[in-house]
Amino acid sequence: MIMDAQKCLQILREIKDVSFATVDASGFPQNRIIDIMIVEDEKIYFCTARGKDFYNQLVGNGRVAVTGMNGQYQMVRLSGTARRITEQKTWIDRIFEENPSMNSVYPNESRYILEPFCIADGQIEFFDLGKSPIYREDFFIGNGKALHKGFQITDACIGCGKCKRNCPQQCIAQGEPYAIAQSHCLHCGLCFEVCPVKAVEKRSV
């Protein structure tokens with residue numbers, strides 16, 4: 001299956017209960033499980049109650065990292081900015097319509113203690129551990145920028161092949177210089193550590 005941003009977000013929706021990481025006002029990392037309620041047009045929608053610390057962190061700076069892995073060992077990580085949606089009752093009613101189990105948690109009018117949020121801008125990392133070699137790909141949504149993580153081999157390469165021999169996924173090809181197949185790279189850094197002439201460098205994010 002050819003992946004794209006929408007399919008990655010749909011994987012998060014299918015997992016539904018995913019990890020949301022934020023940073024609190026003191027700079028400490030915070031993490032919790034949150035339901036992905038709606039995915040459409042390369043955006044994800046979720047909600048939380050106004051009394052929760054999570055809500056305060058979202059309205060404080062909005063930066064979040066969302067991670068989930070399905071039963072096929074496909075991992076999706078979305079890093080972006082969550083923004084509160086102004087049409088609160090309209091979106092909360094829609095969330096409850098598409099996620100009816102919410103009615104037993106927040107019955108009747110109590111649902112309106114919840115505020116809807118949307119992530120429309122960010123970077124997505126797709127990582128498939130169920131394949132051999134592993135497969136990874138990066139995407140972005142909205143105003144997010146493309147990621148360039150991992151490592152690359154520069155023209156300082158002397159062609160000794162030590163990086164290729166040590167690569168756990170065997171994703172380095174001989175050449176001038178040797179080249180890393182980025183879609184199969186673990187980003188483990190072993191090639192970086194074993195290169196005798198420091199020809200391997202981190203890619204610029």
Side-chain angles (χ1 to χ4, degrees), residues 1-24 28-49 52-85 91-92 94-102 104-106 114-150 169 182-188 205:
M1 178 176 65
I2 298 175
M3 293 302 299
D4 58 27
Q6 178 68 20
K7 289 175 182 175
C8 287
L9 298 181
Q10 192 60 42
I11 288 175
L12 291 177
R13 168 61 176 162
E14 291 166 1
I15 299 169
K16 193 171 182 180
D17 302 314
V18 299
S19 167
F20 270 69
T22 55
V23 177
D24 66 19
F28 290 101
Q30 303 294 332
N31 200 14
R32 77 285 296 160
I33 300 298
I34 297 292
D35 286 355
I36 301 293
M37 299 297 190
I38 296 171
V39 168
E40 66 180 17
D41 300 327
E42 296 189 352
K43 301 179 181 69
I44 68 171
Y45 297 84
F46 63 99
C47 62
T48 192
K52 293 182 179 290
D53 291 340
F54 182 41
Y55 175 85
N56 293 326
Q57 292 154 21
L58 291 172
V59 298
N61 65 37
R63 297 295 296 170
V64 296
V66 183
T67 308
M69 177 179 281
N70 64 17
Q72 289 73 52
Y73 302 103
Q74 295 175 321
M75 186 274 289
V76 174
R77 178 166 54 200
L78 167 63
S79 301
T81 302
R83 304 194 186 281
R84 191 167 64 89
I85 304 170
W91 276 95
I92 291 300
R94 183 179 170 192
I95 284 172
F96 273 62
E97 180 180 347
E98 298 196 24
N99 302 269
S101 63
M102 290 293 291
S104 62
V105 183
Y106 290 95
L114 298 168
E115 294 283 344
F117 287 83
C118 174
I119 303 176
D121 304 298
Q123 296 83 32
I124 298 172
E125 296 177 78
F126 174 74
F127 191 49
D128 192 341
L129 279 167
K131 289 186 174 181
S132 183
I134 62 93
Y135 177 78
R136 72 186 316 140
E137 193 169 356
D138 299 326
F139 306 95
F140 64 91
I141 56 174
N143 293 320
K145 296 181 180 179
L147 295 169
H148 299 289
K149 293 184 177 182
Q169 288 293 306
Q182 297 296 333
S183 61
H184 302 302
C185 179
L186 286 169
H187 297 177
C188 68
V205 175

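Residue indices begin at 1 and follow the sequence shown.
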In this structure, are over 12 heavy atoms from other groups packed under 6.0 Å from [X] atom [atom1]?
X	atom1	result
Glu97	CD	no
Lys16	NZ	yes
Asn143	CG	no

Testing the basics here: between [X] and [Y], what is the closest heavy-atom pair and its distance to 0.1 Å?
X	Y	result
Cys47	Pro116	CB-CA, 4.1 Å
Val66	Leu12	CG1-CD1, 4.2 Å
Pro133	His184	CG-ND1, 3.6 Å
Lys7	Asp4	N-OD1, 2.8 Å

So, do [X] and [Y] sit near enough that their side-chain heavy atoms are less than 4.5 Å apart?
X	Y	value
Thr67	Met75	yes
Val39	Gln6	yes
Cys185	Gln169	no
Leu9	Leu78	yes
Glu14	Asn70	no
Ile11	Met3	yes
Arg84	Leu58	no
Ile141	Phe139	no

Original post:
Any chance the side chains of Asn31 and Ser19 put a donor and an acceptor closer than 3.5 Å?
Top reply: yes

Subject >> Ring geometry between Phe20 and Phe54 (parallel below 30°, tilted from 30 to 60°, perpendicular above 60°) >> reply: perpendicular

**OP:** Anything under 30° is parallel, anything over 60° is perpendicular, the rest tilted; go ahead and classify Tyr55 against Phe117.
**Re:** perpendicular

**OP:** Just grab all the salt bridge (Lys or Arg N to Asp or Glu O under 4.0 Å) pairs involving residues 55-65, residues at least two apart or on different chains.
**Re:** none

**OP:** Please collect all salt bridge (Lys or Arg N to Asp or Glu O under 4.0 Å) contacts where either partner lies in residues 66-82, sequence neighbours excluded, each pair once.
**Re:** Arg77-Glu125

Subject >> Nearest-0.5 Å distance that lies between atom CG in Leu114 and atom CD1 in Ile92 >> reply: 5.0 Å

Original post:
Roughly how far, to the nearest 0.5 Å, is the CG atom of Leu186 from the CZ atom of Phe127?
Top reply: 5.0 Å

**OP:** Might you work through the side chain to side chain contact (heavy atoms under 4.5 Å, CB included) test for Asp53 and Arg32, ending with a clear yes or no?
**Re:** CA-CA 11 Å; Asp53 291 340; Arg32 77 285 296 160; 5.6 Å; no

Original post:
Could you go step by step and tell me if Phe140 and Lys145 meet the side chain to side chain contact (heavy atoms under 4.5 Å, CB included) rule?
Top reply: CA-CA 6 Å; Phe140 64 91; Lys145 296 181 180 179; over 6 Å; no

**OP:** Go through the steps to decide whether Lys131 and Glu137 satisfy the test salt bridge (Lys or Arg N to Asp or Glu O under 4.0 Å), and finish with yes or no.
**Re:** CA-CA 13 Å; Lys131 289 186 174 181; Glu137 193 169 356; over 6 Å; no

Subject >> Verdict with supporting geometry, Met69 and Leu129, side chain to side chain contact (heavy atoms under 4.5 Å, CB included) >> reply: CA-CA 10 Å; Met69 177 179 281; Leu129 279 167; 4.1 Å; yes

**OP:** Please identify each residue that fulfils ring pair (Phe, Tyr, Trp, His ring centres under 6.0 Å) with Phe96, with sequence neighbours left out.
**Re:** none

